[in-house]
Amino acid sequence: ELTSNTVSLIHKRGGTILGSSRGNRPDEHIDAIMERLIKEGVTQLYVIGGDGTHKGANAISQEAVKRKLAMTVCCVPKTIDN
């Protein structure tokens with residue numbers, strides 16, 4: 001569960017607490033991802049990251065269109081690959 005208590009020090013740890021690091025394929029978990037976004041009433045999703053993060057965001061965006069959800073996904077690059 002994400003609470004202010006459980007996330008207060010995550011910026012001091014490496015990696016990801018959400019399990020979204022490279023290697024996880026969003027299409028394998030897209031139903032659970034979408035169910036949670038819908039449950040939480042998310043209509044705007046902002047993601048900051050590199051290529052893998054943006055691929056995941058794209059999968060979420062495509063699934064939102066498929067489900068005819070009013071959801072906007074905005075990607076902000078964190079890294080620049082040559």
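Index from 1, following the sequence.
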Report task. Examine Val42 and Ile38 and state if one hydrophobic cluster contains both, with Ile, Leu, Val, Met, Phe, Trp and Tyr joined whenever side-chain heavy atoms are less than 4.5 Å apart. Result -> yes
Query raised in the report: Is the closest side-chain heavy-atom distance between Leu45 and Thr72 below 4.5 Å?
Result: no
Report task. Grab the two heavy atoms, one from Ile30 and one from Ala59, that are nearest each other, plus how far apart they are. Result -> CD1-O, 3.9 Å
Query raised in the report: Between CE of Met34 and CG of Leu69, what distance do you get to the nearest 0.5 Å?
Result: 5.0 Å
**Report entry** Residue pair Leu37, Ile60: steps toward the side chain to side chain contact (heavy atoms under 4.5 Å, CB included) verdict
**Finding:** CA-CA 10 Å; Leu37 292 171; Ile60 292 168; 3.8 Å; yes
Query raised in the report: Can you check side chain to side chain contact (heavy atoms under 4.5 Å, CB included) on Ile48 and Thr53, steps first, answer last?
Result: CA-CA 7 Å; Ile48 302 169; Thr53 302; over 6 Å; no
Query raised in the report: Does a side-chain N-to-carboxylate-O contact under 4.0 Å join Asp31 and Arg67?
Result: yes
Requested in this report: Answer yes when Glu35 and Lys39 have at least one side-chain N-carboxylate O distance shorter than 4.0 Å, and no when they do not.
Outcome: no
**Report entry** N/O donor-acceptor pair under 3.5 Å between His54 side chain and Gly49 backbone
**Finding:** yes
Requested in this report: Could you tell me which non-hydrogen atom of Ala64 sits nearest to which non-hydrogen atom of Met71, and how far apart they are?
Outcome: CB-CB, 4.0 Å
